[in-house]
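In this chain, numbering begins with 1 at the start of the sequence shown. Each ligand, and each atom within it, is numbered from 1 in the order the structure gives.
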Amino acid sequence: MKIVLWIVGAVVVVVGGAFAFLVLKKPAMSAPSPVKVEITAERLQRGKYIFETLGSCEDCHSQRDPARFSGPIVPGTSGRGFEWPAELGLPGKVVSPNITPDAETGIGSWTDGEILRAIREGVSKDGRALFPFMPYQQFRSMSDEDAYSVVAYMRRMQPIKSKMSVTELDFPVKYMVKFAPEPVSGAVAAPAKGKTAEYGKYVATVGGCVICHTKMDKGTPIEGMEYAGGEEFTIGSWFVRSANISPDAETGIGKWSEDKFVAKFKGYANLTFESAPRSVQANFTVMPWMAFSQIAEDDLRAIYAYLRTVKEVRHSVEVHPPVAPPRS
Ligand code: HEC
Ligand code: HEC
């Protein structure tokens with residue numbers, strides 16, 4: 001009897017200790033860099049491109065209208081924040097904060113180093129670990145120059161007063177998330193610009209293509225399925241699966257020419273918030289076509305070159321099933 005109690009006691013102490021460890025654990029973090037980002041015309045232009053187009057910052061941090069094709073952002077809401085709908089199946093309430101330079105409700109009072117740390121290392125101003133739905137694990141590859149450009153642009157954005165609530169993750173994710181942040185050590189450079197697979201990999205990484213185009217199992221990408229599609233997205237009564245964009249000839253984009261790939265994106269270039277068709281199940285998508293149609297043509301050609309080099313995966317995906325399958 002005594003021994004049983006002792007064992008129970010030991011288990012309680014160990015589990016309790018591990019729990020206290022998780023509650024008290026601080027994410028891996030470095031002090032924010034003391035850098036003061038110089039604002040230049042080149043950086044404003046480059047930063048706007050990453051913010052509005054390539055990095056999808058605007059797509060995730062603004063009000064969006066899922067009832068219009070590809071969920072365009074509502075004009076005048078750039079950076080004001082967004083609370084993600086529960087149907088997406090995220091583990092808790094996930095809120096993209098207001099990242100406009102409003103001092104009270106946005107990031108106006110943050111230092112450049114604090115903004116850089118949030119973007120590439122996943123730690124908020126107050127030391128909180130950010131849920132990696134904010135793709136900082138991709139953005140850690142963003143070059144110093146590109147990251148400075150984003151910060152420069154964010155400083156000059158229209159400030160919007162918009163008080164957002166704070167992300168509240170479910171147990172156990174709220175503790176596990178503390179293991180996600182990782183400091184960036186040393187200088188980060190981008191490969192030389194060009195229509196090469198190497199530069200394409202950089203562009204695709206900042207573009208977050210792999211995140212949506214890889215099927216997940218309970219929030220973790222399934223190994224070996226990178227770019228093979230099949231990840232499911234539900235918003236309201238709409239449902240879509242990401243396409244297989246690996247170079248498999250039958251089920252991926254192996255038969256697409258480079259020009260066809262570019263034309264697919266550029267085909268959406270003239271859509272506006274007003275002219276976007278209504279979403280119906282047959283066209284519903286979370287692929288930010290309107291934003292991505294503005295990706296520079298050479299960057300698209302580089303992405304294409306990179307996608308030719310990733311592993312071919314035979315994986316047939318019904319992107320737009322006529323009705324959403326039952327939730328598993
Ligand atoms: C897929 C959606 C998504 C994309 C793309 C995205 N973010 Fe975020 N971001 C979020 C979410 C969600 C959070 C909050 C996470 C949390 O609260 O744990 C966040 C947090 C942040 C924060 C911290 C704000 C705070 O108050 O703690 C900053 C700064 C930020 N993002 C900037 C950016 C920039 C700049 C880009 C583009 C380079 C970007 N984000 C792209 C979803 C996104
Ligand atoms: C937010 C999620 C998301 C992101 C990020 C994303 N995609 Fe997609 N993508 C989808 C979904 C869902 C579809 C299928 C529906 C459609 O065609 O719109 C799709 C479709 C496509 C298609 C069409 C394939 C076909 O067979 O018609 C291509 C090409 C593509 N994506 C390339 C990319 C590239 C390149 C990137 C990165 C720059 C990217 N996607 C980022 C979700 C995403």
Side-chain angles (χ1 to χ4, degrees), residues 47 50-62 69-71 79 81-84 88 90 92-100 105-107 110 114-120 122-136 138-139 142 146-147 149-151 153-154 157 164-169 173-174 177 180-181 200 203-214 227 229-233 239-245 251-253 255-256 260-265 268 283-289 291-292 295 299-300 302-304 306-307 317-320:
I50 295 173
F51 194 94
E52 292 183 351
T53 304
L54 192 57
S56 298
C57 319
E58 183 173 71
D59 272 305
C60 275
H61 283 273
S62 313
F69 175 73
S70 85
F82 185 63
E83 186 169 330
W84 292 85
L88 267 178
L90 295 168
K93 182 176 79 168
V94 176
V95 183
S96 296
N98 178 346
I99 53 170
T100 72
T105 62
I107 48 102
W110 293 34
E114 285 165 344
I115 303 174
L116 286 165
R117 187 177 67 171
I119 298 172
R120 294 197 299 187
V123 175
S124 187
K125 182 181 169 79
D126 62 3
R128 180 173 69 92
L130 297 170
F131 181 46
F133 185 65
M134 158 72 191
Y136 53 87
Q138 260 72 31
F139 293 157
M142 197 188 286
D146 277 350
S149 300
V150 172
V151 169
Y153 176 73
M154 287 167 73
M157 286 174 71
M164 301 299 295
S165 54
V166 179
T167 295
E168 279 171 44
L169 298 169
V173 183
K174 66 192 282 193
V177 72
V203 180
T205 302
V206 175
C209 317
V210 77
I211 302 174
C212 285
H213 283 276
T214 306
Y227 297 103
E231 179 58 1
E232 308 190 331
F233 303 88
F239 174 87
V240 69
R241 292 193 186 96
S242 59
N244 183 344
I245 56 169
T251 62
I253 59 165
K255 286 187 180 145
W256 289 33
K260 175 176 170 172
F261 182 80
V262 172
K264 171 78 183 169
F265 285 81
Y268 300 105
N283 74 1
F284 177 70
T285 188
V286 293
M287 170 87 181
W289 286 115
F292 281 174
I295 297 179
D299 284 356
L300 286 172
I303 295 175
Y304 179 85
Y306 166 62
L307 288 176
V317 177
E318 191 184 18
V319 169
H320 298 292

Any Val286 heavy atom less than 4.0 Å from ligand 2: yes

Whether Glu231 lies under 4.0 Å from ligand 2, heavy atom: no

Just how far is it from atom [atom1] of [X] to atom [atom2] of [Y], taken to the nearest 0.5 Å?
| X | Y | atom1 | atom2 | result |
| --- | --- | --- | --- | --- |
| Phe82 | Met164 | CZ | CE | 8.5 Å |
| Arg120 | Asp146 | CZ | CG | 9.5 Å |
| Ile119 | Ile99 | CD1 | CD1 | 7.0 Å |
| Thr53 | Asp59 | OG1 | CG | 9.0 Å |
| Cys60 | Phe133 | SG | CZ | 5.5 Å |

Does some side-chain heavy atom of [Y] sit less than 4.5 Å from a side-chain heavy atom of [X]?
| X | Y | result |
| --- | --- | --- |
| Val286 | Phe284 | yes |
| Ser242 | His213 | yes |
| Phe261 | Leu307 | yes |
| Phe292 | Ser56 | yes |
| Val177 | Leu169 | yes |
| Met287 | Cys212 | no |

Atom 8 (Fe) of ligand 1 to nearest N/O/S of Tyr136 below 2.8 Å: no

Contact flag Cys57/atom 8 (Fe) of ligand 1, N/O/S atoms, threshold under 2.8 Å: no

For ligand 1, which atoms sit closer than 4.0 Å to a heavy atom of [X]?
| X | result |
| --- | --- |
| Phe133 | 1 (C), 2 (C), 12 (C) |
| Ile99 | 28 (C), 29 (C), 30 (C), 32 (C), 33 (C) |
| Arg128 | 16 (C), 17 (O), 18 (O) |
| Gly55 | 5 (C), 37 (C) |
| Phe131 | 15 (C), 16 (C), 18 (O) |
| Val94 | 12 (C) |
| Pro97 | 13 (C), 14 (C), 19 (C), 20 (C), 24 (C), 25 (C), 26 (O) |
| Pro135 | 3 (C), 4 (C), 5 (C), 6 (C), 7 (N), 43 (C) |

What protein heavy atom sits nearest [atom], and how far off is it?
| atom | result |
| --- | --- |
| atom 3 (C) of ligand 1 | Cys60 SG, 2.7 Å |
| atom 25 (C) of ligand 1 | Trp110 CH2, 3.4 Å |
| atom 26 (O) of ligand 2 | Trp256 CZ2, 3.6 Å |

Any N or O of Ser96 closer than 3.5 Å to N or O of ligand 1: no

Check: Ile119 N/O within less than 3.5 Å of ligand 1 N/O: no

Numbering the atoms of ligand 2 from 1, which are under 4.0 Å from a heavy atom of [X]?
| X | value |
| --- | --- |
| Ile303 | 35 (C) |
| Val319 | 14 (C), 15 (C) |
| Phe265 | 32 (C), 35 (C) |

Identify the heavy atoms of [X] and [Y] that sit nearest to each other, and give their distance.
| X | Y | value |
| --- | --- | --- |
| Leu116 | Ala147 | CD2-CB, 3.6 Å |
| Glu83 | Lys93 | OE2-CD, 3.3 Å |
| Tyr153 | Glu52 | OH-OE2, 3.2 Å |
| His61 | Ser96 | ND1-CB, 3.6 Å |

Specify side chain, backbone, both or neither for [X], according to which of its non-hydrogen atoms lie closer than 4.0 Å to ligand 1.
| X | value |
| --- | --- |
| Leu130 | both |
| Val150 | side chain |
| Phe82 | neither |
| Val166 | neither |

[X] side chain vs [Y] backbone, donor-acceptor pair below 3.5 Å:
| X | Y | result |
| --- | --- | --- |
| Thr167 | Val95 | yes |
| Arg117 | Ser124 | yes |
| Tyr136 | Leu130 | yes |
| His320 | Val240 | no |
| Ser62 | Gly79 | yes |
| Thr100 | Gly106 | no |

Nearest to atom 8 (Fe) of ligand 1 - the N/O/S atom of His61, by atom name: NE2

Lys125 heavy atom under 4.0 Å from ligand 1: no

Heavy atom of Ile107, distance to ligand 1 below 4.0 Å: no

Total protein N/O/S atoms whose distance from atom 8 (Fe) of ligand 2 is less than 2.8 Å: 2

Looking only at non-hydrogen atoms, which of [options] approaches [atom] most closely?
| atom | options | result |
| --- | --- | --- |
| atom 16 (C) of ligand 1 | Val177, Leu169, Thr167 | Thr167 |
| atom 18 (O) of ligand 2 | Thr285, Asn283, Thr251 | Thr285 |
| atom 27 (O) of ligand 1 | Gly92, Ser165, Ser124, Ala118 | Ser124 |
| atom 23 (C) of ligand 2 | Phe239, Trp289, Phe284 | Trp289 |
| atom 30 (C) of ligand 1 | Gln138, Met154, Met134 | Met134 |

Location of contacts on Tyr306 toward ligand 2, heavy atoms closer than 4.0 Å: neither

Option passing ring pair (Phe, Tyr, Trp, His ring centres under 6.0 Å) with Phe265 (candidates Trp256, Trp289, Tyr304): Trp289

